[in-house]
Amino acid sequence: MTRNETTWEGGGSPFAIGAKPLGMWLFVVSDALTFSTMLMVYTYSRLANPHWPAPFAFSPSIVQATVMTFVLLSSSLTMVWAVDAMKRDDRRKTVQYLSATMFLGIVFIVIHMREWVHLINDEHITLTANPWNQPLFGATFFGLTGLHMAHVTIGVVYLGIVALGTRMGKFKTDHVETSGLYWHFVDLVWMFIFPMVYLMSVKR
Amino acid sequence: MFFAILLWITAFAVAAGFFVKRWWFPPPISRHAMAFDSLFAANLIAGGIIFLAVQLALGFVIFRYRDRGQRATFSTGSTRLEIILISLTAILFLGAVAASSGLWSAVHFTSMQSSDLKIETAGKQFAWSFRYPGPDGKFGKTDVRLINDAAGNPFGIPDDDAAGKDDIATSALRIPAGRPVQLLLHSHDVLHNFFVRELRVKQDLVPGMEIPLRIQADKTGEYEIACSELCGLGHHQMRSVLIVMPAAEFDAWLAQQGKRKQ
Amino acid sequence: MSFLSRYIFSTNHKTIGIQYFVLALTAALLGTALSVLMRLHLTYPEAKIRLFEILWPNAAAGGVMTPELYLSLMTMHGTIMVFFVLTTVPQGGFGNFFLPLQIGAEDMAFPRINMLSFWATALAFLVLCSAFVVEGGAPLAGWTAYPPLSAVGSIAGPGMGKGMTLWVVSIALFCAASLMGAINFITTILEMRTRGMSLFRMPLTCWAWLVTALISLFAFAVLFAAGILLLLDREAGTSFFLPAGLVINDRILDRKGGSPLLWQHLFWFFGHPEVYIAILPGMGVVSTVLSVFSRKPVFGYRAMVWAMLAIGFLGFLVWGHHMFISGMSPYSSLAFSVLTLAIGVPSAVKTFNWLGTILGGRLHLETAMLWALAFVSVFVTGGLSGIALGQPALDMYFHDTYFVVGHFHIIMGVAAVFSILAGTFYWWPKMTGRMLSETLGRVHFYVTFLGVYAVFIPMHFAGIVGNPRRYSDFGQFEFLKDVQGLHKFITHAAFLTAAVQLLFIFNLIWSLYRGKKAGDNPWNATTLEWLPPSHQPHIVVRGAYDYSVPGARRDFLMQNESNGQ
Amino acid sequence: MKNATGIWALLLGLTLAEVALAYPSLAPAVFLLVLLALSVGKSALIIAFFMHLRFASRALTLALFPILIALILLLLGFLPDAQRVMHAA
């Protein structure tokens, strides 16, 4: 399906996708650089501070984070199913799968919030202080996971709007596909945060 | 046509401004400064030729091809000319990098000698202080909690530290002529910048870092040290002086300062 | 349509373009006014000036500006000019108005996001300006906001409390707005071109907007992250940019682990591409104007496109040249130096092609053309001093002196403003249906052209003397006595140049009511925006610059004209 | 549908592999490289199969990703300076 300049002379799209998905792709690429910047700041901070702590025990931290990864990956699967159903014009199924995706997103947020509360109350890791006197550990941890959690939260609201629009028959396949791109991207970012933030700080 | 003439006049006026040197560098006091001056002169000549050539050509084209009812020629470009130009500018610019990298390397990659005189140079809003290690050749410990300018302790040296007992703190920078000096740049608060025009060097003082800067002045005299990185409302008054003394005189001064400490 | 949806919350690209233009014009007037006040203080630091006292009863009590007031004016001048003038007019203003017209699209791809993007920009401007009136006044850390000064709050000085926070919030908002704009521009160009408008038939302005949007898409993403981190450092007590052992104003700060250099890396990773965001659209405008008024095709159209793409990409590789003396690894400096001079090559290609475009043409020296020619002149002047600054060995003296101030004002400020003015004179007939006065335009042009050379060339001399920038007073140093005459001259030239801009404003307003009515295509240009409005989609059959084609029936062929016979 | 489930299972397997690798004492640099390689692989799977890039045109892939990856690699330019910070207590 390669189209080159001679056959394509304006009007359609060289990328064979509609304007909405293309706009979302562009946002995703830009946001990926924002997250990369945060991850690079984290790497920089670790390199600049030689005694970086590694406090994450297998249970509960790693187990929880693995479960969160599982939840997020599963939500991506239901999202794929939702887009699929929409392409078959099965709006009822689409809304169901979107709801499942939102539910898994909320599960992710709940587990994550519980973990935050545990870290703050029991382990005394906050944004600015922690037992190892490496304040940037907390700052980078909460900064990265917080930015990601904000994305998940926005995603859940966004999917809610899309589900509503789909149910009322207002939205088309493009809308669902575009929201899917966003959701998969949020999942993708976690595929970097999980190993970089959690596994690199495993208590052995 | 009027614009073409104006452009020529402007180009010559600008070139003249750089040529008459009414406002110019102070005389150099080090080998590095002299090398800097010739590097800049080379840049100025090359840049000046390009500047005049392009501005005069622009003026000429405007003059020659102004609308007199002629028909414009049809031409969409020439790849060959394009390639020649790219090669020429690439050679010119890479040449400029090659010519100047030596001077940079000489300042930053010359290995520090243990015989170099070490002077800790500290900046804070909005003053300079300098610390000499004293007869033992060692800097004492410092503690930010003990910093007290009024008591003559701008570095926060504790009373009970043996290495710090003989350290000498001053507000002017005295160095011996003709001997390499290592300035160890520190900042207590925000960014500052150590700038001595006559040495043609400039280096930021970054809190949390120790940045070594190797200098050597060959001409005695007094030169102003200016802060050259925005450091707050008193930025414009953050001044000190570099006093380059004959080596023997400097040694005598340092010994006397050390004695007064004991 | 109600008044509100028609003029205020409009989703029409033309209205949004005008809104951007007006916002930027306001910002430009404010920014220029600030610079005049700064020059006034610099030249007469002791004089009691009633105006200062009226404007700032506290910070300029008795009519003498305090250093912190001077620095806050400097900060606001830089921020306003870079973000709300140079980034806003060429892309948001001209781009929104003319991009859809030039590619034959009905509107931008996402009209509502377009509106949102304008209002976010306007809000960002309001937030920034509100820093003037909060307690402590505007921030004084410069437009680069280097920490620790910018990250520790009000103990670093007045204006570093609330004012600085507002600055960061404003910049974050601006990032979001620019991101929305960039997505819109790229999508529009890739998806909405009319039939026959292949990429290599697009006017160079469209290419410039495309490359600029791509740069914005990435550069503002990084600045956004940096802004969040700076905000956390300021408001939440983190220490991304603050190392241990800071003592500010005799207070020991309880921060640890960060590095001020990190901010500089993040900022300039955005900041250098930002320079190209400001200048690239101008390059597109100038290429077009030169071609139209020489009645000749653009010389080396494809080379121009590739040069813009190369500049866009290389722009991301050279951020370190702002940090030669920052304490960065000196090995990095050498690498950045090579890359910096490499970016001179595509810039030289552009200059060469502009000369090639006008060579052998039939030059109609209307005001728009004069601005475009003057752009070429200042672009060369500013570029050459850039070659000196791109070498770390020379930068070791010139960094943070008036040499740098002269350099970037000429290449980024003046060149970009000249291209904006060229665009204004060229497109005003399309935007308003009326012509601007050529007589007023010429007077404005000649005074401004001489004025900017008189203002910014002497700054190079001050820099050679070693005059540091961002000093609110030159009285403390012996060696600065020598440059005071120079500064007096600069100030007088700046007054004249600023004053003559009022003539331009007058010209704009006069033209709205009294200007000569313009026809559909007053300049006999070829691009689609000059076609009479119609609902028929245009079918493009040729490139954007077919002037003086041999054998054609007249000296221009519009892009949708199938045959010149 | 089946395809997506398979990819999901594969992603899950890779995640478990990452966790398992965290416990033998690998050198941090080696571990980091392994993790990055696995993560890049995982995100490639997500991009290709979940975000359907594999089924969209090649032009999008060719236009956006090289730029993004180049820019992310450029961010590595910050890192040499991290070592220059003084490790004051």
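Just the heavy atoms: all of them, side chains too, but no hydrogens, waters or symmetry mates, feed the values below. Sequence lines set the chain letters: A, B, ... in the order given, protein chains first and strands last, and positions in each chain run from 1.
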Task: Evaluation steps, side chain to side chain contact (heavy atoms under 4.5 Å, CB included), between C:I358 and B:Y65 - done: CA-CA 8 Å; C:I358 58 174; B:Y65 295 101; over 6 Å; no
Open item on the list: Using side chain to side chain contact (heavy atoms under 4.5 Å, CB included), reason through C:Q391 and B:L103 one step at a time and then give a plain yes or no.
Closed with: CA-CA 10 Å; C:Q391 302 166 39; B:L103 192 57; over 6 Å; no
- [ ] Using the side-chain hydrogen bond (donor to acceptor under 3.5 Å, both in side chains) rule, take B:D67 and C:H364 through it: C-alpha gap first, then chi angles, then the decisive distance, then the call.
- [x] CA-CA 6 Å; B:D67 176 23; C:H364 298 269; 3.3 Å; yes
Task: Trace of the side chain to side chain contact (heavy atoms under 4.5 Å, CB included) decision for C:L480 with B:E224 - done: CA-CA 10 Å; C:L480 289 178; B:E224 287 177 297; over 6 Å; no
Open item on the list: What verdict does the salt bridge (Lys or Arg N to Asp or Glu O under 4.0 Å) test give for C:R251 and B:D189, after you've listed the backbone C-alpha separation in whole Å, the side-chain angles of each residue and the deciding distance to 0.1 Å?
Closed with: CA-CA 10 Å; C:R251 256 179 55 194; B:D189 41 30; over 6 Å; no
Task: CA sep, side-chain torsions, deciding dist, call: B:F195, C:H399, side chain to side chain contact (heavy atoms under 4.5 Å, CB included) - done: CA-CA 10 Å; B:F195 176 39; C:H399 192 96; over 6 Å; no
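Scanning all heavy atoms of the two residues, the minimum distance from B:A72 to C:K296 falls at CB-CG, 3.8 Å. The nearest pair of heavy atoms linking B:V14 to C:Y453 is CG2-CD2, 3.8 Å. Nearest heavy atom pair, residue C:L71 against residue B:L233, reads CD1-CA, 3.7 Å. Residues B:F93 and C:V345 share a closest heavy-atom pair of CE1-N, 3.8 Å. Across C:P468 and B:S228, no two heavy atoms sit closer than the pair CB-OG, 4.0 Å. The two residues B:P207 and C:P148 have their closest heavy-atom pair at CG-CG, 3.6 Å.
Neither the backbone nor the side chain of B:N148 comes within less than 4.5 Å of any heavy atom of chain C. With a 4.5 Å cut-off on non-hydrogen atoms, B:V61 touches chain C through its backbone and its side chain both. With a threshold of 4.5 angstrom between heavy atoms, C:L373 approaches chain B through its backbone and through its side chain. Looking at B:F60, there are no atoms closer than 4.5 Å to chain C (heavy atoms on both sides), in backbone or side chain. Interface remark: B:Q237 contributes backbone and side-chain atoms alike to the contact with chain C (heavy atom separation under 4.5 Å). Looking at B:L199, there are no atoms closer than 4.5 Å to chain C (heavy atoms on both sides), in backbone or side chain. Only the side chain of B:V107 comes within contact range of chain C, with heavy atoms under 4.5 Å apart. Residue contact with chain B, scored on non-hydrogen atoms closer than 4.5 Å, involves the side chain of C:L365 exclusively. Interface residue B:R145: backbone and side-chain heavy atoms are both found under 4.5 Å from chain C. Heavy atoms closer than 4.5 Å to chain B are found nowhere in C:M304, neither backbone nor side chain. In this structure, chain C has heavy atoms under 4.5 Å from both the backbone and the side chain of B:Q70. The contact between B:T10 and chain C is made entirely by side chain atoms (from C-beta outward), counting heavy-atom distances below 4.5 Å. Only the backbone of B:I225 comes within contact range of chain C, judged by heavy atoms closer than 4.5 Å. Residue C:R442: no heavy atom, backbone or side chain, is found under 4.5 Å from chain B. Heavy atoms closer than 4.5 Å to chain B are found nowhere in C:S259, neither backbone nor side chain. Interface residue C:A141: only backbone heavy atoms are found under 4.5 Å from chain B. Residue contact with chain B, scored on non-hydrogen atoms closer than 4.5 Å, involves the backbone and the side chain of C:L359 alike. With a 4.5 Å cut-off on non-hydrogen atoms, B:L85 touches chain C through its side chain but not through its backbone. At a 4.5 Å heavy-atom cutoff, the contact between B:L94 and chain C is made by side-chain atoms alone. Only the backbone of C:V298 comes within less than 4.5 Å of a heavy atom in chain B; its side chain stays farther off. In this structure, the portion of C:I457 lying under 4.5 Å from any heavy atom of chain B is its side chain and not its backbone. Proximity to chain B is limited to the backbone of C:S294, based on heavy atoms less than 4.5 angstrom apart. For a residue to count as touching a neighbouring chain, one of its non-hydrogen atoms must lie under 4.5 Å from one of that chain's; by this rule C:L242 does not touch chain B. Proximity to chain C (any heavy atom under 4.5 Å) is restricted, for B:Q55, to the side chain, taken from C-beta onward. In this structure, chain B has a heavy atom under 4.5 Å from the side chain of C:F445, while its backbone stays farther away. Looking at B:S78, both its backbone and its side chain come within 4.5 Å of chain C, counting heavy atoms on both sides. Residue C:P147 touches chain B through its backbone alone, counting heavy-atom pairs closer than 4.5 Å.
Under the 30°/60° scheme for interplanar angles, the aromatic rings of B:H236 and C:Y471 are found to stand perpendicular. The aromatic rings of C:F449 and B:F3 sit perpendicular to each other, their planes meeting at more than 60°, with 30° as the lower class boundary.
When each of B:W23, B:W24, B:F2 is checked for heavy-atom pairs under 4.5 Å with chain C, B:W23 comes out on top. For the set B:I9, B:I211, B:V54, the entry with the most heavy-atom pairs within less than 4.5 Å of chain C is B:V54. For the options B:L185, B:L81, B:I147, heavy-atom pairs under 4.5 Å to chain C are most numerous at B:L81. The residue among C:A388, C:S333, C:P330, C:P297 with the most heavy atom pairs within less than 4.5 Å of chain B is C:P330. Counting heavy-atom pairs under 4.5 Å between each of B:K124, B:R68, B:R71 and chain C puts B:R71 at the top.
C:M74 is listed as a side-chain neighbour of B:L230, based on a closest heavy-atom distance under 4.5 Å. Under the 4.5 Å side-chain criterion, counting only non-hydrogen atoms from C-beta, B:N193 is not in contact with C:D400.
In this structure, B:R197 satisfies the cation-pi test against C:F479, with its NZ or CZ atom closer than 6.0 Å to the six-membered ring centre and inside 45 degrees of the ring normal.
Side-chain atoms of B:T73 come within 3.5 Å of backbone atoms of C:G360 as a donor-acceptor pair (strictly under, hydrogens ignored).
Paired with C:L149 under the rule side chain to side chain contact (heavy atoms under 4.5 Å, CB included), one option of B:Q125, B:H235, B:E229 passes, and it is B:Q125.
For an aromatic pair to be called close, the ring centres must be under 6.0 Å apart, and B:F40 with C:Y397 fails this.
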